[in-house]
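Beneath this line is the structure, given in C-alpha cells, with notes to follow.
Computed from heavy atoms alone, side chains included, the values below leave out hydrogens, waters and symmetry copies. Since the structure is predicted, the reported quantities are computational estimates derived from the model, not experimental observations.
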Amino acid sequence: MGCVFSRSSTTEPEDAAELNEREGGRGPSSSSAQEHRDQRSIKSTRSVGSMRSSTIASQTNFSVSEVDSLRELYQKLSNELHHDGLIHKDELAWALFKCHRDNLFVDRVFELFDIKNNNVIDFSEFVMSLSVFHPNAPLEEKAKFAFRIYDINQSGAIEPPELKRFLVAIMADNPDVHLDDEALEKIVADTFEQVDVTGDGKIVPEEWMALVKKNPSIISYMTLPVLADICRKFPPSPGKHHSEQRRG
C-alpha cells in the first residue's frame, strides 16, 4: 500500500492572508475553562511578546519589516476568541486550519509553538516557530520540525504507534476514507520497511532526513507561500521599522 509519508498525511494549513478575511472574522465560542486561565502566566508571557522586532528577526527567517507585519496578524489572531492578546489552541486551530474540534496535527503544532509550555503562544513564540514555514527556510530546518510533529512521545524517533495515530487522525478528518485495523497496520509496516534502513523498528532523524531529501514534497505542508508576501497583506502600523532587509 506504499509509504504513508508519500500520502497527504497532515492537515494542510490555510494561507495566513486569509485568516481574518473570512466573513465575520470570528471562530467558534471558547470554553469557560480557557477563559479563566492563570493570569500570572499570561502576564509573564506578555512581557516576552514585546521583544524588539530586530531581535526577533535576527533569530528567524523573517526581515524586520516582516516581523512588524506579523505583529499586525498576531493582534488579530490573539483576539479572535479570548481577547487577551495571546494565542490559545482553539484560536490557532481556527486560524490556520478552520478546525474547531480535536485534531492531532493541530495539537502537535501548538505544543511545538508553545515553547514555554504554558498553554498559550506569545508573539515571540509565534514568530520564531512560524519562521520554519517561511519559503526561505532551509529544507533541513523544515524537516527537523516535521520530524518533531510525528515524534509524539519526544523519544527522538518515530515509532509505529505514533505513525498509526496519525493515520487514525487522517481518517477522522476524512470521513470518506475508511481503513480497518489490518489495513492500517499494513501501511505502517510498509512505511517502516521503506524508511527504516537499519531495521530497528523506528525512524531516526538521519533516516527521516534521507527520506525528505529524496522526496521533499512529503513536507510541502511545511511551507506557507503567503509568508513571503506578509508585508503587503498585513502592512505594519506607522512608526514600525521597514528598512532592514532579510538576513542571509
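Separation of atoms CG (L211) and CD1 (I158) is listed at 9.0 Å; rounding is to 0.5 Å. Rounded to the nearest 0.5 angstrom, L179 CG and L184 CG are separated by 5.5 Å. Atoms CZ and CG, on R165 and L163 in that order, are 12.0 Å from each other to the nearest 0.5 Å. A distance of 9.5 Å separates CG in N79 from CG in L77, rounded to the nearest 0.5 Å.
Of all heavy-atom pairs spanning V120 and E125, the tightest one is O-OE1, 3.4 Å. The minimum heavy-atom distance linking I219 with W208 is given by the pair CG2-CZ2, 3.8 Å. Minimum heavy-atom separation, S131 to A137: O-CB, 3.7 Å. When all heavy atoms are compared, the tightest approach of S65 to P236 is O-CG, 3.8 Å. Heavy-atom minimum distance, K116 versus S124: NZ-OG, 4.0 Å. Taking each heavy atom of E207 and I203 in turn, the nearest pair found is OE1-CA, 3.4 Å.
Contact check for D68 versus V64: side-chain heavy atoms found under the 4.5 Å cut-off. For the pair F105 and I170, the minimum side-chain heavy-atom distance is 4.5 Å or more. Using a 4.5 Å cut-off on side-chain heavy atoms (C-beta onward), F62 and N136 make no contact. K233 places a side-chain heavy atom less than 4.5 Å from the side chain of V226. No side-chain heavy atom of I121 sits under 4.5 Å from any side-chain heavy atom of L86. Here the side chains of I115 and S129 are in contact, with some heavy-atom distance below 4.5 Å. At least one side-chain heavy atom of F166 sits under 4.5 Å from a side-chain heavy atom of I149. Between L224 and L227 there is a side-chain heavy-atom pair separated by less than 4.5 Å.
S78 and E91 share no donor-acceptor pair across their side chains, judged by distance under 3.5 Å alone. A donor-acceptor pair shorter than 3.5 Å cannot be found between the side chains of S217 and N215. A side-chain donor-acceptor contact under 3.5 Å links T223 and K142.
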Requested in this report: Could you please spell out the steps behind the side chain to side chain contact (heavy atoms under 4.5 Å, CB included) verdict for Y74 and V127?
Outcome: CA-CA 9 Å; Y74 181 87; V127 179; over 6 Å; no

Requested in this report: Please step through side chain to side chain contact (heavy atoms under 4.5 Å, CB included) for the pair R71 and F234, ending with a clear verdict.
Outcome: CA-CA 9 Å; R71 286 188 190 276; F234 292 90; over 6 Å; no

Report task. Start with the C-alpha gap between S69 and R232, add the side-chain angles, then the distance that decides, and say whether side chain to side chain contact (heavy atoms under 4.5 Å, CB included) holds. Result -> CA-CA 8 Å; S69 291; R232 185 177 67 84; over 6 Å; no

Report task. In sequence, state the C-alpha distance, the side-chain angles, and the governing distance for V204 and T198, and then conclude on side chain to side chain contact (heavy atoms under 4.5 Å, CB included). Result -> CA-CA 9 Å; V204 297; T198 62; 5.8 Å; no

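Salt bridge present: E111 and R108 bring a charged side-chain N and a carboxylate O closer than 4.0 Å. With salt bridges taken as basic N to acidic carboxylate O contacts below 4.0 Å, one links D107 and K89.
With hydrogens and angles ignored, the 3.5 Å screen pairs no side-chain donor or acceptor of Q194 with any backbone N or O of T191. The closest donor-acceptor contact from the side chain of E162 to the backbone of I152 lies under 3.5 Å. Between the side chain of D90 and the main chain of W94, no donor-acceptor pair closer than 3.5 Å is present. Judged by distance alone, with hydrogens and angles left aside, the side-chain atoms of E66 form a donor-acceptor pair with the main-chain N or O of S63 at under 3.5 Å. D196 contributes a side-chain N or O that, together with a main-chain N or O of D200, makes up a donor-acceptor pair within less than 3.5 Å.
Under a cut-off of 6.0 angstrom, the local environment of NZ in K202 is sparse, with at most 12 non-hydrogen atoms contributed by other residues, nucleotides or ligands.
Criterion: ILVMFWY side-chain heavy atoms under 4.5 Å apart, direct or through other members. Under it, I218 and M209 are not part of a common hydrophobic cluster.
Applying the salt bridge (charged side-chain N to carboxylate O under 4.0 Å, His left out) test to residues at least two apart or on different chains, the pairs with a partner in residues 143-161 are E140-K144.
Partners of F145 according to the ring pair (Phe, Tyr, Trp, His ring centres under 6.0 Å) rule, which considers only residues two or more places apart in sequence or in another chain, are F133.
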